[in-house]
Amino acid sequence: MNEMTWTDYLPVLWEGAWVTIQLTFWSTIFGALLSFAAGLGKLSSNRALRWLSVAYIEVFRGTSLLVQLFWLYFALPLVGEAIGVNLRLPPVVAGILALSLNIGAYGAEVVRGAVQAVARSQYEAAKALNCTRRQTLFRIALPQAIPEMMPPFDNLAIQNLKDTALVSLISLADLAMRAEQLRNYTQDSPTIYTLVILMYFGMALVLTALMRLLARGVGRWRPAGR
Amino acid sequence: MTEPIIRFEKVVKRFGDVTVLDGLDFTVAPGEKVTIIGPSGSGKSTILRILMTLEDISDGVVWVGDEPLWHEKAADGTLKPASEAHLHRMRTRLGMVFQSFNLFPHMTVLRNITEAPVHVLKVGKAEARERAMGLLDMVGLTEHADKFPYQLSGGQQQRVAIARALAMRPDILLFDEPTSALDPELVGEVQEVIRKLAEEHDLTMLLVTHEMRFAREISDRVCFIDAGAIREEGAPEELFTAPTEERTQDFLRAVLDDG
């Protein structure tokens with residue numbers, strides 16, 4: 001049984017990679033939604049909304065993802081017990097939630113920065129046409145800001161892909177977890193971790209390609225080469 | 001004389017310690033084409049920006065028609081600072097053409113023009129589109145309707161910006177140095193559009209420019225402003241040929257020698 005070769009590792013690793021892909025996909029989607037909610041919330045004229053957004057962003061940027069993950073998975077159920085609510089999360093939910101909340105906090109600053117970087121003259125033109133604040137934000141400012149968000153979002157998505165490895169610590173069978181299991185079994189660290197590195201790298205390349213497509217889609221109105 | 005459509009009453013505008021408008025009194029009659037000239041920093045653009053509600057005022061009252069722009073009449077007849085709702089209502093009477101065009105870069109030419117009529121005035125899409133094509137025809141750009149602003153020259157962009165402002169059917173159109181950002185060979189096409197507007201429409205027009213010959217051609221009245229107040233005003237042929245104030249003479253000598 002110890003005669004496994006590298007081709008025998010692949011099905012096991014692929015199973016883990018599929019979990020990693022799903023975790024990355026969902027946490028990037030939810031993270032993007034949180035980014036817009038908190039980023040725009042921070043720019044809101046509503047003080048409560050602004051305060052809530054700032055609190056969320058600072059807490060999740062200011063603490064470690066690992067601790068957030070452990071808190072959601074190990075501490076939250078106990079808090080729930082104390083107040084009589086079942087807050088026990090399946091590992092995959094806790095994992096996606098922690099990753100989304102974390103990336104959303106970083107993404108919120110990207111959204112806020114990009115919206116604030118829209119030229120003042122654009123806001124003045126919108127005002128001269130009597131657009132409301134809401135129309136100006138959603139119809140004039142955001143469509144111009146979104147293409148500017150794409151390069152930092154690409155970075156965050158890749159960061160997110162790599163951060164998914166942490167969820168193996170709450171017993172999720174992702175790529176990192178499968179690699180660890182194989183290594184325990186075969187002791188063939190060099191082969192296994194070389195394969196794992198290549199697989200993460202391949203996924204990152206695909207992710208960047210997807211983000212580039214998305215960037216082209218939202219920036220059609222810009223001169224080529226920008 | 002008819003009631004003025006614009007009236008500045010002892011208007012003061014300060015930016016920090018700098019006083020840009022210093023008790024300005026200024027009126028414009030409905031349909032009148034008025035050009036404001038003066039050295040840079042004299043407050044010319046500030047007058048337009050106050051009217052477009054891009055800058056508030058520090059003191060005095062601005063009237064548009066029989067309503068104060070930056071104030072609302074309280075129940076007891078006194079004036080209190082305007083609410084956003086009041087400003088929103090007042091803005092429907094005004095439109096502005098900016099020095100650097102300020103087209104929306106993410107929208108086609110056509111959508112630049114239909115955007116505000118559809119979403120602000122709630123005009124139907126088909127109607128807005130038809131009217132936009134009419135305006136593009138007026139500025140000679142129908143074949144560019146589906147292009148994005150970056151695909152147009154500065155002169156073409158500014159003509160689109162004029163069409164965009166007109167699409168909102170303002171009573172008063174403000175031009176803030178509309179040709180200053182253009183390459184010299186593109187100035188003419190934009191001036192041609194403004195000249196046509198001035199001749200064919202009863203729109204009230206307020207223009208800030210450094211193009212003295214153009215000011216002379218299209219204005220009913222020219223105002224020379226310096227250090228935050230109007231120093232001299234009159235019909236263009238009087239003001240340009242026989243200015244009475246020494247400051248006006250100095251200014252005109254300087255700019256006319258230049259150009």
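Order of the sequence lines sets the chain letters (A, B, ...), proteins ahead of strands, with each chain counted from 1. As the structure is a prediction and not an experimental result, all values here were calculated from the model.
- The contact between A/Gln135 and chain B is made entirely by side chain atoms (from C-beta outward), counting heavy-atom distances below 4.5 Å.
- The environment of B/Arg195 atom CZ is dense: over 12 non-hydrogen atoms of other residues, nucleotides or ligands sit within 6.0 angstrom.
- Contact of the A/Cys131 side chain with the B/Glu115 side chain is not registered, since no non-hydrogen atoms from C-beta on lie closer than 4.5 Å.
- For B/Trp63, the CH2 atom sits in a packed shell: over 12 heavy atoms of surrounding residues, nucleotides or ligands are nearer than 6.0 Å.
- Other residues, nucleotides and ligands contribute at most 12 non-hydrogen atoms within 6.0 Å of the CZ atom of A/Phe201.
- The pair B/Arg49-A/Glu124 meets the salt-bridge criterion, with a side-chain N (NZ, NE, NH1 or NH2) lying under 4.0 Å from an Asp/Glu carboxylate O.
- Within the 4.5 Å cutoff, no side-chain heavy atoms of A/Leu129 are placed close to those of B/Val120.
- Counting non-hydrogen atoms of neighbouring residues, nucleotides and ligands closer than 6.0 angstrom, the CZ atom of A/Arg50 exceeds 12 such neighbours.
- Side chain of B/Asn102 to backbone of A/Ser121: a donor-acceptor contact under 3.5 angstrom is found.
- In this structure, the separation between CG on A/Asn130 and CG on B/Leu94 is 9.5 Å, given to the nearest 0.5 Å.
- Contacts between B/Arg164 and chain A at a heavy-atom distance below 4.5 Å involve backbone atoms as well as side-chain atoms.
- The parts of B/Phe104 that come within reach of chain A are both its backbone and its side chain, each placing non-hydrogen atoms under 4.5 angstrom from that chain.
- Annotation for A/Gln116: atom CD counts as buried by contact number, over 12 foreign heavy atoms lying within 6.0 Å.
- Among B/Met168, B/Met52, B/Met107, B/Met96, the residue with the largest count of heavy-atom pairs under 4.5 Å with chain A is B/Met52.
- Within 6.0 Å of atom CZ in B/Arg89, more than 12 heavy atoms from other residues, nucleotides or ligands are found, so the atom counts as buried in its surroundings.
- Contacts between B/Arg93 and chain A at a heavy-atom distance below 4.5 Å are absent for every atom of the residue.
- The two residues B/Phe98 and A/Ala125 make their nearest non-hydrogen contact at CE1-CA, 3.8 Å.
- With a threshold of 4.5 angstrom between heavy atoms, B/Gln151 does not approach chain A through any atom at all.
- Counted within 6.0 Å of CZ on B/Arg169, heavy atoms from surrounding residues, nucleotides or ligands total 12 or fewer; the atom is thus considered open.
- Counting only heavy atoms from C-beta outward, the side chains of B/Glu84 and A/Thr132 never approach each other to under 4.5 Å.
- If you measure heavy-atom distances from B/Leu103 to chain A, the contacts under 4.5 Å come from the backbone alone.
- Heavy atoms from other residues, nucleotides or ligands lying under 6.0 Å from CG of A/Asn46 number more than 12.
- Using modelled atom types, one side-chain atom of A/Lys127 and one backbone atom of B/Thr53 make a donor-acceptor pair closer than 3.5 Å.
- Here the side chain of B/His106 pairs a donor or acceptor atom with the backbone of A/Arg139 at under 3.5 angstrom.
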